[in-house]
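Here's the structure, in structure tokens; my notes come after.
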2 protein chains.
Amino acid sequence: MDNSPHILIVDDDREIRDLLGRFLEKHGCRVTTAAEGRAMRAALDDWSIDLIVLDLMLPGEDGLTLCRDLRANSAIPIIMLTAMGEETDRIVGLEVGADDYVPKPFNPRELLARIKAVLRRAGESADARPAANGETAQFAGWTLDLGRRHLQSPEGAAVTLTAGEFELLVAFIEHPQRVLSRDQLLDFTRGRSAAPFDRSVDIQVSRLRRKIEPDAAAPELIKTVRSGGYLFTPAVERS
Amino acid sequence: MDNSPHILIVDDDREIRDLLGRFLEKHGCRVTTAAEGRAMRAALDDWSIDLIVLDLMLPGEDGLTLCRDLRANSAIPIIMLTAMGEETDRIVGLEVGADDYVPKPFNPRELLARIKAVLRRAGESADARPAANGETAQFAGWTLDLGRRHLQSPEGAAVTLTAGEFELLVAFIEHPQRVLSRDQLLDFTRGRSAAPFDRSVDIQVSRLRRKIEPDAAAPELIKTVRSGGYLFTPAVERS
DNA sequence: TGAATTTGTAACGGCGTGTAACAGATTCCA
DNA sequence: TGGAATCTGTTACACGCCGTTACAAATTCA
């Protein structure tokens, strides 16, 4: 399962989540599931999701509301599941910003086909996101300019980062003071999941530490959490 | 698929998008699709579109509005799809600036013929457009005069650019602080898609860097994003 | 304490990128 | 129209990034 799309299934029906999840995994997707809005947001925070399959009918916040909220600050493709195939639902779903909709009950194969189609289209118009325009982040005296991909030390010296180091640092900055597993870090930086005995994250952490830690032997900024992952300790301020 | 016209299909009906898209691709076009206005704008931002096939009836913003907006600041040829062949639609469509209209249901062959006709006409009158008259863009102290194709360094010295270098710089200036793939850059500058092992973009970037980067060994303006493409880092101001 | 597990990192090699050099294509000019 | 000058893509090779492997060090557990 390398470099495969990461699908988030949001449905209150456990059976649908499990069956659909297994089906998609068998067909080359990584899958995370959530039963309602709160869990959905948690999953979006924990992983780099490529596409959301969102049930229209949910307890608590319903799918339409979630969909509108998602659209407000992200461009993640959404496929809506609607209980009835009514025209009104379709219109409303598309109006609210869904990329496609599938009426229940659905054929998993058809859903998979639509997922692929939506992902293909999304890939074409991929980097429509403003890519952190002009934003900068400060931590422990350091300044990272997201737009210019430029890092400055507390003393004012420019430190050049390779693409991989930059991506890793961005992942840390976007999730500070949280333990991030190697799997999550790989997902954030490379959009793929870890293979067994995959040490690539360790290596990149080691290389990044050499550039930003005053003493790489006693790291302060990026701490190791044994059998957990890594933790970015400084507070991050963005502007 | 080289140097072929890049068609953008805007229609909320997935089936029409897919079928028509495949048909056009089979007949020597490159195709990108969008379900509604938001996706259409994203696609226009990401690619150099030669012609838009635009459905009159769309959820959210309807085709007429989109068409009028498009005409306000671009000359991209537009073919409207109208649900009924009513005279009024035709009149309104043409009034709003569409180059042709095709009533639904339509024969793909006929649509293709009209696309070719409109493209031929557009190609003839292409050089007639004043090409951003008198506009200039500033970035990192440099000034680029779009009309005169003239570049001035921060010190005030004139730097002559070849046509290819100029087109590349314009592509960067029109999409600053975004990672642009080699494929996108080829589309912007030459209107074609990349062949496997195509290094032409790399070469042009290398040549442009030599002219505008203070230190070509440590580029600041045009950064490389490994396995992603290139990124124009400075903020761009236009006047 | 010793074994098992986990992490740090040196070393190597595959692969993506930078660029020199050449050749084909295009433009310019008489 | 023909030849020169210029521009642009291809080829070839060097370099640097990054993942794998291997082994040492640190930590945990019995």
Side-chain angles (χ1 to χ4, degrees), chain A residues 2-3 149 151 159-171 179-213 215-232, chain B residues 2-3 127 149 151 159-171 179-183 185-231:
Chain A
D2 223 37
N3 215 359
R149 304 191 145 226
L151 178 65
V159 173
T160 50
L161 295 178
T162 68
E165 290 157 2
F166 174 80
E167 296 296 339
L168 180 63
L169 183 53
V170 169
V179 177
L180 297 175
S181 71
R182 289 171 177 72
D183 208 28
Q184 285 176 304
L185 287 168
L186 258 179
D187 193 26
F188 289 141
T189 55
R190 297 267 175 287
R192 58 164 229 240
S193 59
F197 308 110
D198 194 325
R199 305 296 308 282
S200 57
V201 170
D202 303 54
I203 302 304
Q204 285 294 45
V205 167
S206 169
R207 285 168 178 154
L208 182 55
R209 275 175 174 161
R210 233 174 296 172
K211 292 194 178 176
I212 69 172
E213 290 281 2
D215 176 12
E220 283 297 321
L221 301 178
I222 305 174
K223 297 231 167 174
T224 303
V225 178
R226 187 166 242 268
S227 72
Y230 295 95
L231 173 68
F232 193 65
Chain B
D2 223 38
N3 214 0
D127 6 39
R149 309 192 143 224
L151 179 65
V159 174
T160 50
L161 294 178
T162 68
E165 289 157 2
F166 174 80
E167 295 296 339
L168 181 63
L169 183 54
V170 168
V179 177
L180 297 175
S181 70
R182 289 171 177 71
D183 207 28
L185 286 169
L186 258 178
D187 191 27
F188 289 141
T189 55
R190 297 268 175 291
R192 57 163 232 239
S193 57
F197 308 110
D198 195 324
R199 305 295 309 281
S200 55
V201 169
D202 304 53
I203 274 60
Q204 286 293 43
V205 166
S206 169
R207 285 168 179 153
L208 182 55
R209 273 176 175 160
R210 230 174 300 170
K211 293 193 178 175
I212 69 171
E213 290 280 2
D215 177 12
E220 280 296 322
L221 301 178
I222 305 174
K223 295 224 169 173
T224 303
V225 179
R226 182 166 250 255
S227 73
Y230 295 95
L231 173 71

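Here is how names work: the chains are called A, B, and so on, in the same order as the sequence lines, proteins then strands, and each is numbered from 1. For the numbers below, each heavy atom of this structure counts, side chains included, while hydrogens, waters and symmetry mates do not.
- Every residue two or more places apart in sequence or in another chain that forms a ring-ring contact (aromatic ring centres under 6.0 Å, His included) with A:F232 is listed here: A:F139, A:F172.
- Across its full length, the helix from C:dT1-D:dA30 to C:dA30-D:dT1 shows an angle of 20° between the axes of its 5 terminal pairs at either end, rounded to 10 degrees.
- Residues satisfying the salt bridge (Lys or Arg N to Asp or Glu O under 4.0 Å) criterion with A:R207, sequence neighbours excluded, are absent altogether.
- Contact between the side-chain N/O atoms of A:S206 and the OP1/OP2 oxygens of C:dT9 is found at a separation under 4.0 Å.
- Partners of B:T162 by side-chain contact (heavy atoms from CB on, under 4.5 Å), not counting sequence neighbours, listed by chain and number: B:E165, B:K211.
- More than 12 heavy atoms of other residues, nucleotides or ligands sit less than 6.0 Å from atom CD of B:E213.
- Regarding contacts with the backbone of D:dG9, every side-chain N or O of B:R182 stays at 4.0 angstrom or more from both OP1 and OP2.
- Side-chain N/O atoms of A:T224 include one lying less than 4.0 angstrom from OP1 or OP2 on C:dG8.
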Could you write out each protein N or O paired with an N or O of nucleotides 18-22 of chain D at a distance under 3.5 Å?
unit_1, atom_1, unit_2, atom_2, d
D:dC18, OP1, A:G164, N, 2.7
D:dC18, OP2, A:T162, OG1, 2.3
D:dG19, OP1, A:R190, NE, 2.9
D:dG19, O6, A:R207, NH2, 2.9

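- In this structure, A:V201 and A:V205 have side chains that are in contact, with non-hydrogen atoms separated by less than 4.5 Å.
- Between B:L168 atom CG and B:L180 atom CG the span is 9.5 Å, to the nearest 0.5 Å.
- Residues that satisfy the ring-ring contact (aromatic ring centres under 6.0 Å, His included) test with A:F166, not counting sequence neighbours, are absent from this structure.
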